[in-house]
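The structure appears right after this line, and notes come after that.
In what follows, every chain begins at residue 1, and chains take the letters A, B, ... in the order their sequences are listed.
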Amino acid sequence: MTVTTRFAPSPTGLLHIGGARTALFCWLYARRHGGRFVLRIEDTDLERSTPEAINAILEGMSWLGLDYDEGPFYQTHRFERYAEVLERMLAEGSAYRCYCSKERLDALRTEQQTRKVKPRYDGRCRDLQAPPADATEAPVIRFKQPREGHTVVDDRVKGKVAFDNAELDDLIIARGDGSPTYNFVVVVDDMDMQVSHVIRGDDHLNNAARQANILKALGVEPPIYAHVPMILDEAGKKLSKRTGAAGVMDYRDAGYLPEAVINYLVRLGWAHGDQEVFSLDEMVEYFDIADINHSASSLNPSKLDWLNQHYLKMLPRGYVARHLARHLADLGIDPARAGGPDLETVVEAQAERSKTLVEMAQSSAFFYQTPSAYEEKAARKHLLGSETILEALQQSLHALESWDAEAIHEAVMGVAEAQALKLGKVAQPIRVAVAGGPVSPPIDITLELLGKDAALSRLESARQWAIKHAEA
RNA sequence: GUCCCCAUCGUCUAGCCGGCCUAGGACACCACCCUUUCAAGGUGGCGACACGGGUUCGAAUCCCGUUGGGGACGCCA
């Protein structure tokens, strides 16, 4: 049997972090076993499905690098096939037409709720031989669920889960307008696409029993189910659109690398001993459904930050630089045209002091554009009264023949010694002068990257500022 | 309400087919070291088996219950 997994999102919103992890697990399992991974868009809800949401899913998958072997399949393109199976079930007697009105169903539901029993269809039309004379609405089609016994779902993460068939009512598999519903199309698709392993959120565990029964009615062996626990937000609550960056693409925009997000996601609900950092190859090699946790997990943003920084430091500079470019662009900076330092050297200098690419872009902007203003507090502390130091620095740096970190370091040290100051006393004024604030990479590297002309002119501006504010 | 799932540090988790666990790792936090700012790095610290019953020579590990979370109960997916 070739392993086939599928990711089957409904295009009604973003590809959120929970869906992304489900997709990752499915992808990993298929890759692990040299199987197929298919993408299926569950768009049978014409009201809520949107092209934007479809794009968001496709974009998110591709950003994460989760490539699929087949699809995307759209369920709206398969209505003929569903109709065919519906006809067959009607003919075989495993499904029946139900003429109950929505009003009756609603009344039934509220009545059951007040009686404190589980709301379910009472089966009024189950054994009807002909349409009732007073039928007013187009009939829906219901699946004829077994009435007796139990249905056992042998779940690979939850174990054997038994449902009393009396709990499972006759669910609607086609609406009054003839369009098929979720629990039915899933079954037909999984059957047609020969899905061997259904890996999905455990909010579907209850559905598994009904789906397995439909499959059996169709004479097909149900797939292997693996219901993975949910992902909760930081507060341990269900993820909602309001929970900040819930969409995968929001993570990109917030400055995270796909490698970090993937690595973070794989450790949510799954572990391989004590290992925290995994290459894609390692994930594929080690991933196993048996190691998936049983309980829900909450998001831990600071751990994502840590992983992101790890990848910022470890991944090839050129690769990180390409990602950094888009965030610089968001700040209106085009490194190529701004004439500043090579992006890769910036990445090298900034990686260990950045959690995200957004941070890195912000703290590196000064390399490409003169800061519009000094941070007030820093300027007061480090620039005020530093005219002499700044002037000495200008002279000493101006005299440098080769503009490299080593020479710059010597020059700065020289000024500090000449004035009997600790290095910090002269480095901080330089930082504020060139970067606008008190933080930057080591001062010699900062100046080297910035370039001699820019460095000297910013030093001069800072000196002017110091003179002007000393008078006031 | 009914049914289903779950329960180890603040968070992610190792362990779970019982003794190697005075419960390990990671993130976060705190302290110290390093230091040219901020970081990064190093060292150390804080910190959990939800509760109650069993079973057993022995339970985080097995069983039952309680409590607490979560999910499902739609002509949504």
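No contact: K425(A) has no heavy atom under 4.0 Å from any strand. Among the protein residues, G273(A) comes within range of the sugar-phosphate backbone only, with heavy atoms under 4.0 Å from sugar or phosphate atoms but none that close to a base. Note on K313(A): only backbone sugar-phosphate atoms sit closer than 4.0 angstrom, heavy atoms only; bases stay farther off. Within the 4.0 angstrom heavy-atom criterion, base atoms lie near K303(A). Contacts of E167(A) with the nucleic acid, taken as non-hydrogen atoms under 4.0 Å apart, involve only primed sugar atoms and P, OP1 or OP2. Using a 4.0 Å heavy-atom cutoff across all strands shown, L268(A) reaches sugar-phosphate atoms only and no base atom. If you check every strand for non-hydrogen atoms under 4.0 Å, H382(A) touches nothing. R120(A) comes within 4.0 angstrom of no nucleic acid atom, judged by non-hydrogen atoms across all strands. As judged by a 4.0 angstrom heavy-atom cut-off over every strand, Y264(A) is placed among residues making no nucleic acid contact. If you check every strand for non-hydrogen atoms under 4.0 Å, P441(A) touches a base.
Across all strands shown, the partner of rA26(B) is rU11(B), judged by Watson-Crick or G-U wobble contacts whose two distances both fall under 3.5 Å. Across every strand in view, rA60(B) sits unpaired, with no contact that passes the Watson-Crick or G-U test at under 3.5 angstrom. Remark: rC46(B) base-pairs with no nucleotide; criterion is Watson-Crick or G-U wobble with both hydrogen-bond distances under 3.5 Å.
Sorted by first and then second residue, the side-chain hydrogen bond (donor to acceptor under 3.5 Å, both in side chains) pairs involving residues 41-54 of chain A (not counting sequence neighbours) are R40(A)-E42(A), E42(A)-Q75(A), D43(A)-T76(A), D45(A)-R48(A). Listed by first then second residue, pairs satisfying side-chain hydrogen bond (donor to acceptor under 3.5 Å, both in side chains) with a partner in residues 10-20 of chain A number zero, not counting sequence neighbours.
Interface remark: the R431(A) side chain does form a donor-acceptor pair with the rU37(B) base, using a distance-only criterion of under 3.5 Å. One cannot find a donor-acceptor pair under 3.5 Å joining the base of rG25(B) and the side-chain atoms of Q275(A). Taking only distance into account, the side chain of D202(A) never meets the base of rG71(B) through a donor-acceptor pair shorter than 3.5 Å. Between the side chain of K158(A) and the base of rC5(B), no donor-acceptor pair under 3.5 Å is found.
Minimum atom distance to the side chain of P119(A) is reached by rC73(B), of the listed rC73(B), rA77(B), rU37(B). With rU37(B), rU2(B), rU11(B) as the choices, the nucleotide that has an atom nearest any side-chain atom of K118(A) turns out to be rU2(B). Here the nucleotide nearest the side chain of F163(A), chosen from rA40(B), rU37(B), rC3(B), is rC3(B).
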Polar pairs (N or O, both sides) under 3.5 Å between protein and nucleotides 63-66 of chain B?
none

